[in-house]
Amino acid sequence: MGPLFLWKRIILEVGCGAGNTMFPLVATYPDVFVHACDFSPRAVDLVKMHKDFKETQISPFVCDLTVDDLNLQIPPSSVDIVTMIFVLSAVSPEKMHLVLQNIRKVLKPKGHVLFRDYATGDLAQERLTCKDQMISENFYVRGDGTRAFYFSNEFLASLFKDNGFNVKEIGLCCKQVENRSRELVMNRRWIQAVFCPSDAEDLSSSNHASTEVDLPSQENTESSISLKASKEPVEVDMSEGVAADMFGISSSVENEIIQVSLNEENLSIRVLSREYQHTCKSTGLMLWESAQLMASVLARNPNIVSGKKVLELGCGCGGICSMVAARSADLVVATDGDKKTLDLLMQNVASNIAPPFLDKLIVKSLEWGDRGHIEAIKEVNDKGFNIIIGTDVTYIPEAILPLFATARELISPNRGDEEDQASALILCHVFRRVDEPSILSAASRYGFRLVERWPAGISGNSSQGVVGSWFADSGIDKHSFSRALSIMYFQIE
């Protein structure tokens, strides 16, 4: 990708996320102007809060491309380049044409769409197929509730052609990545392409190159990919090395940094790169939205844990709830059952908090129901924990009973005179493979009663309730989080 394409150009980034593509781009080409849209208001807010954000270079806005008209934000036929990087796969197949028709309106006649997304035959697709998570042909729902479509060359080319584009370049990127330390061997497949409006000069649907790229097995390294068998020279180079330069990332890097803003505190959380997340066995190597919501609640309501002993179950590599709690609590024990997750968690803790808060946070291994692990936790605190927190720990049916059994053994027996002073188990999650009745049944079996749920409170002691008070005048933007998120507030019988 040379100056021919990016010098003094107008770019639209579809699905901008937190800005991991655009900020390296504007740093390399200071004269470009980027329109950046995302479905998530939270993502757009993160872009605006980025240290390199400038209104003269970047215009971020919330947009559902299947519904919202881009022309309300961007003048017609004004954009030189549209980037669609792992975006269209999240859209239902029956609505994909709406996205393409929308971007077609703002693209210049000689503009380009740069595309990269998941390809059929990818390891992630095979695993989702084995888990019986297919919605329709090549379309799946992941464990976290998000959707993923896997494209074939034929489907993608036909989709764009039917919506006013010619195929300038299309190819398949195949590689096998081996990571012995994580015991992962992944056969990854992506489709990447360049499209132009069908009325552009000197373009014909018959002159595009179809390529396939094969890489040898590698361990933690990756060399550049050169597109083969191109009969015609192409102006836009979408090879791997150039993509890394363009987007400011390298696919050989397994971890990525997520910036989390909580009240007035900013955390830099290292997680497994998105490229690897859907083929990794451990869900703890990702940062879940439920953890971000619960951490926001704790940051805005430190009284929840102030002066108390706190245990986090299945905290994952982020540990953001534990890190926030350590600022107010007397003791915080962050736990997970996966060794690799714990290793990354300890890195995140060490790089984000310092004494005296660091001295109050202990990281321990805990597999629910494991007698040795439970006794080791009791050696740290034999009086029990006043607050136990779990975010997205209820998605495996077989783990629900061990979860509540472990929580019952480790919670403090203090019932308190006031509802908000009694020991509590707080679960924040999206209901997936385990429904609420199953969770309530397991809770009751081990002596827990549901005091309140959010967003639909059931507390009879006050009109607002304990959980409701956390959101009242706290400044938490509930609308920036998924409506599917739920908080369940338990106390012991």
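From a predicted model like this one, the values you see are computed outputs, not experimental measurements.
In this structure, Cys315 and Leu345 approach most closely via the heavy-atom pair SG-CD2, 3.4 Å. The two residues Arg116 and Cys173 come nearest to each other via the heavy atoms NH2-SG, 3.5 Å. Taking all atoms of both residues into account, the shortest heavy-atom contact from Asp69 to Asn71 is OD1-N, 2.9 Å. The two atoms that bring Leu361 and Ala326 nearest to each other are CD1-CB, 4.2 Å, heavy atoms only. Of all heavy-atom pairs between Val260 and Ile320, the closest is CG1-CD1, 4.4 Å. The shortest heavy-atom contact between Cys317 and Thr341 is N-CG2, 3.3 Å.
With values rounded to the nearest 0.5 angstrom, Ser152 atom OG is found 8.5 Å from Glu137 atom CD. With rounding to the nearest 0.5 angstrom, the NZ atom of Lys364 is 14.0 Å from the CG atom of Asp336. The CE atom of Met96 lies 10.0 Å from the CZ atom of Phe160; values are rounded to the nearest 0.5 Å. Of the inter-residue distances, the one linking Trp288 atom CH2 with Thr391 atom OG1 reads 10.0 Å to the nearest 0.5 angstrom. The line from CD1 of Ile269 to CE of Met286 is 16.0 Å long, rounded to the nearest 0.5 Å. In this structure, CG in Asn102 is found 11.0 Å from CG in Asn163, a value given to the nearest 0.5 Å.
Side chain to side chain, Gln259 and Ser268 meet the donor-acceptor criterion of an N or O pair below 3.5 Å. Under the 3.5 Å distance criterion, with hydrogens and angles disregarded, no donor-acceptor pair is assigned to the side chains of Asn138 and Thr120. For the 3.5 Å distance criterion, the side chains of Asn266 and Ser261 qualify, holding a donor opposite an acceptor. Side chain to side chain, Gln125 and Tyr118 fail the donor-acceptor criterion of an N or O pair below 3.5 Å. In this structure, a donor-acceptor pair under 3.5 Å is present between the side chains of Arg42 and Gln292.
Taking the side chain as every heavy atom from C-beta outward, Leu70 and Val79 never approach each other to under 4.5 Å. Proximity of Gln57 to Val32: side-chain heavy atoms (C-beta onward) are nowhere separated by under 4.5 Å. You'll find the side chain of Ser290 reaches within 4.5 Å of the side chain of Cys428, heavy atoms only. Between Leu100 and Val113 there is no side-chain heavy-atom pair separated by less than 4.5 Å. With a 4.5 Å cut-off on side-chain heavy atoms, Pro60 and Lys48 count as touching. Residues Glu265 and Met323 fail the side-chain proximity criterion, which asks for heavy atoms closer than 4.5 Å. At a threshold of 4.5 Å between non-hydrogen side-chain atoms, the residues Met22 and Val47 count as touching. In this structure, Phe195 and Leu156 have side chains that are in contact, with non-hydrogen atoms separated by less than 4.5 Å.
A distance-only check finds no donor-acceptor pair linking the side chain of Ser365 to the backbone of Gly337 [under 3.5 Å]. Looking at Asp117, its side chain does come within 3.5 Å of a backbone N or O of Leu88 through a donor-acceptor pair. Distance alone, capped at 3.5 Å, is enough to place a donor-acceptor pair between the Asn301 side chain and the Trp470 backbone. Using a distance-only test at 3.5 Å, with no hydrogens or angles considered, a donor-acceptor pair links the side chain of Asp80 to the main chain of Ile10. For the pair Arg270 (side chain) and Gln347 (backbone), a donor-acceptor distance under 3.5 Å is absent.
In Glu55, the CD atom is not crowded: 12 or fewer heavy atoms of neighbouring residues, nucleotides or ligands sit closer than 6.0 Å. Around atom CZ of Phe53, more than 12 heavy atoms belonging to other residues, nucleotides or ligands sit under 6.0 Å away. Crowding of Met346 atom CE: a count of heavy atoms from other residues, nucleotides or ligands under 6.0 Å not exceeding 12.
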Open item on the list: Go through it in stages, so that I can follow the logic: the residues are His429 and Ser486, the test is side-chain contact (heavy atoms from CB on, under 4.5 Å), and I'd like the CA-CA distance, side-chain angles, deciding distance and then a yes or no.
Closed with: CA-CA 5 Å; His429 49 225; Ser486 172; 4.2 Å; yes
- [ ] Carefully, step by step, assess Val194 and Phe115 under the rule side-chain contact (heavy atoms from CB on, under 4.5 Å).
- [x] CA-CA 6 Å; Val194 180; Phe115 181 95; over 6 Å; no
Task: Pair Glu13-Leu25, side-chain contact (heavy atoms from CB on, under 4.5 Å): steps then yes or no - done: CA-CA 11 Å; Glu13 184 183 1; Leu25 191 63; over 6 Å; no
Task: Derivation and outcome, side-chain contact (heavy atoms from CB on, under 4.5 Å), residues Ile400 and Thr394 - done: CA-CA 6 Å; Ile400 300 302; Thr394 58; 3.9 Å; yes
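By the 30° and 60° cut-offs, the orientation of the rings of Phe151 relative to Phe155 is tilted.
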